Amino acid sequence: MPQVYINQLSQHAGEEVTLKGWLYNMRASGKLLFPQLRDGTGVVQCVVFKKNVPEEMWESVKSLGQESAIVIRGAVRADERAPGGYEIDVSGVEVVQAVEGYPITPKEHGTEFLMDHRHLWLRSRRQHAILKVRHTVVRAVRDFLDNDGFTLCDTPILTPAACEGTTTLFEVDYFGDEKAYLSQSGQLYNEATAAAFGKVYCFGPTFRAERSKTRRHLTEFWMVEPEMAYATLDDVMNLSERFISSIAGRVLEERGEELKVLERDTAKLELLVPPFPRLPYDDAVKMLQEGHERGELETRFEWGGDFGAPDETYLSSKYERPLMVHHYPAAVKAFYMARSPERDDLALGVDVLASEGYGEVIGGGERATSLAFLEEQLKLHDLPREAFEWYLDLRRYGSVPHAGFGMGIERCTAWMCGIEHVRETIPFPRMLYRLRP
RNA sequence: UCCGCAGUAGCUCAAUGGCAGAGCAUCCGGCUGUUAACCGGAGGGUUGUAAGUUCGAGUCUUACCUGCGGAGCCA
């Protein structure tokens, strides 16, 4: 008797099969039992008729609690009454472990309770669907970059100093005599590998010790950062468009079932094809100020600042597609950003604001090439020169225009799924006040 | 760090300052097609912690703890 997975059942209609999994839920009706089996690929309803099975088997199945581990043998039959279209006429059951008192019941639960039981919550349909979408987002990211000539060059997680010097870092004791920090970006190292390989990317966990408590924040998240030698701001914007569009396409193609479970409006994802609107910062400020005059925004936005969450939401609400805002004031961007040749106070940076109010999903731009400029910037930002000496070498030996961006996997996944909070898009979220499980 | 909201049965939530309640889950019983099944019964409580006001506090006051939402900051 072949062992099959639930997502292959349609290929085995009429056959006797073996399924190995866990009891998802069970309904009973007199001499009938409807155990629902979950095996990691899906859920299938099984049917047990009392008179068709031995008495002891009937009794043992009847008493099984939610999430009991079981192996079921039976015939696959197409049936309209069954959720999923197929059901199993059970002829044999092996109880691997009978379970009593599984904490997560089919009814409603609060966030705190579910997060405390995250290790079990992952088994539920919705969480399963979200993490399958994440899996596809990650594969789409890798496939896109690999097929586009990028080389994976991962950057260190333990680093000697801040990459950008601004945000808060997690500090680690490094054998007593030195301090190390968990990486908040692979950016600077990417510039080194880009000079070696041309087009590179790093993809790994990133750590930000910000005391942020919003639906868009995690203290540990995954970020993919492509970097290209001999590239400009325009190249970054072109790449961003194709990148997001290819991810959305893959999710639509491979995760239709999951998007249905999540009740995602897929029309919104179908819109994610180039070109995306491009808006200079100056024009964005005008839009925000006009919005304030019309009473659509509480506070008047002044030129020179970085956008707050309400500003981002307002701007992106004016477009159906993601909005690329570029040419920010240099003062609000990182020290390594290149300046506009026309206006020295503007940085060649771009933020991609996701549609539907999902906020900044990509941030990037063109990097400064001049040694003298960067030496000055390090001083202005009060950064330790010694720690950046290797980085300055990149400007001494074959410095060329280069550019890249970073995209947060969890923000992207939350957007694709159409869910409220990034905490559900990573198996074990790390947040302010949440380190367990 | 700041602002707001919340904490009562395993879970989700009720309860004018006056007897601690319901649904689900669990256990027992019924039902041959259930779809979050349904019907009947049973068990289940230091009302987040500490102090205070009061004849009397789940309810009012103060502090603390925990969580949620938001701001700043960011991907």
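The sequence lines fix the lettering, A, B, ..., with proteins before strands; numbering per chain opens at 1. For clarity, every value in this text was computed on a predicted model and none was experimentally measured.
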Main-chain N/O of A:R216 paired with A:R411 side-chain donor or acceptor, under 3.5 Å: yes
Presence of A:K51 side-chain N/O under 4.0 Å of B:U32 phosphate oxygens OP1/OP2: no
Rounded P spacing from B:A20 to B:U46 in Å: 14 Å
Per A:T214 side chain, nearest of listed nucleotides B:G33, B:C68, B:G72: B:G72
Residue met sooner reading RNA chain B from 5', once A:H421 and A:H217 are mapped to nucleotides: A:H421
Closest non-hydrogen atom pair between A:A248 and A:M416, with its separation: CA-SD, 3.8 Å
Distance below 4.0 Å between A:R216 side-chain N/O and B:A71 OP1 or OP2: yes
C1' spacing across the pair B:U8 / B:U47, given as an integer number of angstrom: 4 Å
side-chain contact (heavy atoms from CB on, under 4.5 Å) against A:K31, all qualifying residues, sequence neighbours excluded: A:K50
B:A63 and B:A71, which share atom name P, separated by this distance in whole Å: 26 Å
Below 4.0 Å: OP1/OP2 of B:G33 and any side-chain N or O of A:R77: no
Per A:Q45 side chain, nearest of listed nucleotides B:A75, B:A71, B:U34: B:U34
Short side-chain N/O contact to B:C74 OP1/OP2 from A:R208, under 4.0 Å: no
Per A:E100 side chain, nearest of listed nucleotides B:U1, B:G33, B:U26: B:U26
Side chains of A:D154 and A:Y189, donor plus acceptor under 3.5 Å: no
Taking N or O atoms only and anything under 3.5 Å, show me the protein contacts with nucleotides 7-13 of chain B, one pair per line.
| residue | atom | partner | partner atom | Å |
| --- | --- | --- | --- | --- |
| B:C11 | O2' | A:E108 | O | 3.0 |
| B:C11 | O2' | A:H109 | ND1 | 2.6 |
| B:U12 | OP1 | A:G110 | N | 2.9 |

